[in-house]
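In the text below, chain A, chain B and the rest are named by the order of the sequence lines, each starting its count at 1.
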Amino acid sequence: MTTPAKQVRVRYAPSPTGDFHVGGARTALFNYLFARHFNGKFILRIEDTDQSRYKPEAVGWLLNGLQYLGMDWDEGPEAGGEFGPYVQTERLEIYRRYRDQLLEQGRAYRCFCTPERLEAASKEQQRRGGNPGYDRLCRDLDTAESARRAAAGERHTVRFKMPIDGETVVYDAIRGEIRFPNSNLQDTVLMKSDGIPTYHLANVVDDRLMEISHVLRGDEWVSSLPLHARLYEAFGWTPPVMAHLPLILNPAGKGKMSKREDRAPDGRVLPVFVRTFEELGYLPEAMINYLALLGWSFDDKTEIMSREELIERFSLERVNAAPAVWNYDKLDHLNGYYIRQLSSDALAERLLPFVRRAGFAVELEYMLKAAPLLQERITRLSDAAKAGGFFFADELPPYDSAELIPQKGDAAMARRVLERARQTLTSVDFSREALEPALRGDAEALGVKTGQMFQPVRVAVCGKKAAPPLFETLETLGRETCLKRIDQAVAKL
RNA sequence: GGCGCUAUCGUCUAAGGGUUAGGACGGAGCCCUCUCAAGGCUCAAAUACGGGUUCGAAUCCCGUUAGCGCUACCA
């Protein structure tokens, strides 16, 4: 990628109207990677111009989410910076100045139409076979009259005067040239009647004032590009490089990844919000790797990439134009992979809060022993409580005694096996190295296959058939617990 | 409806005029094995359709179809 001439300054500019979801995280990530790749600045700006949809918790969710994913920002809330404030409702005076400028230049006009009239006008337009939208009634209002009505306190919005004929040609760094017939474009509202700008005005003004060099945002914004291009033009500004990132579609491929969390047919939550992924124990390494692969690729082979590699390799040229369908299986695969890459110490530490939250009182020392046995068997950190509950619980949850009966065996065999094992476990050195030959010897002495020997013991001790390797498990659990559980199992037979 | 974007295995993608169309997830099979995993090997699986351009098209152009996005005093 050719290095941009001026300093790269990009921003992620969400509106705090809801939870921070993966679509937003992907947009933030591409901005972050782009900035870090060029040693530029990654700026966070809060676009809170929609008062009615504003959610006070949203900024917290956002900041926490970015921190969890390890995307540090150079300027913005909590970071400061010389282009602040970075919250739009703290910049209202600025937008009013630019509104006035457009008004004076005749590039915008006051609209006194009521919502009711707007609706009626839109319907009338449609009835006449045109497009729905505003009929531009106030566009040619006398300026003195307009100013007088405004001064008298009459409620109004300010609309941008779009050209009526011809076309607006814009350029997108990913898609190239895009042409829009002006006959299709609206005189969009720039300033609402409450004196707060809409996205379009605030965004363009801020990007200019904050010296944003590249705008990387979601594909849903391409339809606003002509307006934004005309706004830059009206102000006499050169627009930043605009790049629209492909949308993330829900797993069904039908529509944008929803902003609501559904459940799979089996009842599992299908997370959409960043904090849900965090709560379920997705590692930031996996999230970032997966997100980066949604709409971007490095080459024909490489998929596993660390943050540093992503930063080094990221380029706008390799961003795809087509929308991408979200795939939970692939994310799970990556998460499992990154879990397996962790040292057992690191895994134990990460596991501890999850297992404790599930209600088990566990110490780090014990977790250090259990973690390696769980490592290959979990795809998310939160899976550990279920997969290894028998490690952490005092009492095993109830299980079906039929599970104790070995393949091609019967209850009598299970009893013989367990009683023999109990005897052995009472005296043998309680290490995996000693346990294995001892129990194998028991199998031989009893004339049963090793599987028939191990399975009843495994179920007695773990309460289920699918569990980590037996001897390591026994060793971790300790003699006392193992003997107790075998006694309980024998009693069930 | 209008406007816009997009179109390679089920999914994420590579190949950007010449390849047996490559990789990954998922699926199937085999191996390993005390179960479950993990790991290794193998297999099935794609250029939406129709026209051009060209010696040659997944690749360039046009059309169709389909999907998605936008069509607010929301972002």
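With a cut-off of 3.5 Å on both Watson-Crick or G-U wobble distances, the partner of B/C70 is given as B/G2. Using Watson-Crick or G-U wobble geometry with both donor-acceptor distances under 3.5 Å, B/C30 finds its partner in B/G40. Across every strand in view, B/U35 sits unpaired, with no contact that passes the Watson-Crick or G-U test at under 3.5 angstrom. Base-pair partner of B/G10: B/C25 (Watson-Crick or G-U wobble, both distances under 3.5 Å). Pair assignment for B/C55 gives B/G18, based on Watson-Crick or G-U wobble hydrogen-bonding distances that are each under 3.5 Å. Within the shown strands, B/U64 is the pairing partner of B/A48 under the Watson-Crick or G-U definition, both distances less than 3.5 Å.
On the P atoms, B/U71 is 27 Å away from B/C62, given to the nearest whole Å. Rounded to whole Å, the C1' atom of B/A66 lies 16 Å from the corresponding atom of B/U47. Taking atom P on both nucleotides, B/C49 is separated from B/C30 by 35 Å, rounded to a whole Å.
The interatomic distance linking A/W326 (CH2) with B/G26 (C1') rounds to 16 Å, in whole Å. Summarising the geometry, the separation between CD1 on A/I248 and P on B/U11 is reported as 16 Å, rounded to the nearest angstrom. A straight line from CG of A/N327 to P of B/G27 spans 11 Å, rounded to a whole angstrom. Rounded to a whole Å, the CG atom of A/D172 is 15 Å from the P atom of B/G4.
With respect to the salt-bridge test (charged N to carboxylate O, under 4.0 angstrom), the residues A/E436 and A/R440 qualify. Taking 4.0 Å as the cut-off between side-chain N and carboxylate O, A/D219 and A/R175 count as a salt-bridged pair. Using a 4.0 Å cut-off between charged side-chain N and carboxylate O, A/D383 and A/R380 make a salt bridge. Salt-bridge check for A/D429 with A/R479: failed, with every basic side-chain N at 4.0 Å or more from each acidic carboxylate O.
You won't find any donor-acceptor pair under 3.5 Å spanning the side chain of A/Q126 and the base of B/G1, going by distance alone.
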Between protein and nucleic acid, restricted to nucleotides 33-35 of chain B and to nitrogen or oxygen atoms under 3.5 Å apart, what atom pairs and distances do you find?
unit_1	atom_1	unit_2	atom_2	d
B/C34	OP1	A/R440	NH2	2.9
B/C34	O2'	A/R458	NH2	3.1
B/C34	O2	A/R458	NH1	3.2
B/C34	O2	A/R458	NH2	2.6
B/C34	N3	A/L470	N	3.2
B/U35	O2'	A/K465	O	3.4
B/U35	O2	A/K465	O	2.8
B/U35	O2	A/A467	N	2.9
B/U35	O2	A/A467	O	3.0
B/U35	N3	A/R458	NH1	3.4
B/U35	N3	A/A467	O	2.5
B/U35	O4	A/P469	N	3.0

Please enumerate all protein N or O atoms sitting under 3.5 Å from an N or O of nucleotides 58-63 of chain B, with distances to 0.1 Å.
none

Distances for protein N/O vs nucleotides 40-42 of chain B N/O pairs under 3.5 angstrom?
none

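Close to B/C5, at under 4.0 Å from its OP1 or OP2, lies no side-chain N or O of A/R179. Between A/N320 and B/A14 there is a side-chain polar atom (N or O) within less than 4.0 angstrom of OP1 or OP2.
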* Passes salt bridge (charged side-chain N to carboxylate O under 4.0 Å, His left out), A/D262 versus A/R260? Steps please. -> CA-CA 6 Å; A/D262 283 332; A/R260 229 191 45 232; 2.8 Å; yes
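Legend: residues meeting salt bridge (charged side-chain N to carboxylate O under 4.0 Å, His left out) with A/R45, ordered by chain and number and at least two apart, are A/E47, A/D206, A/D207. Among residues two or more places apart in sequence or in another chain, the side chain to side chain donor-acceptor pair (under 3.5 Å) test is passed with A/Y109 by A/D187.
A/R217 comes within 4.0 angstrom of no nucleic acid atom, judged by non-hydrogen atoms across all strands. Residue contacts for A/G295: at a heavy-atom cut-off of 4.0 Å it reaches the sugar-phosphate backbone alone, with no base atom in range. As judged by a 4.0 angstrom heavy-atom cut-off over every strand, A/N131 is placed among the base-contacting residues.
The A/F180 side chain lies nearest to B/C3 when the options are B/G22, B/C12, B/C3.
Side-chain atoms of A/N31 come within 3.5 Å of backbone N or O of A/L216 as a donor-acceptor pair.
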* Letter per nucleotide, 5' to 3', of nucleotides 64-75 of chain B [B base touched, S only sugar-phosphate touched, - untouched; heavy atoms, 4.0 Å] -> ---SSSS--BBB
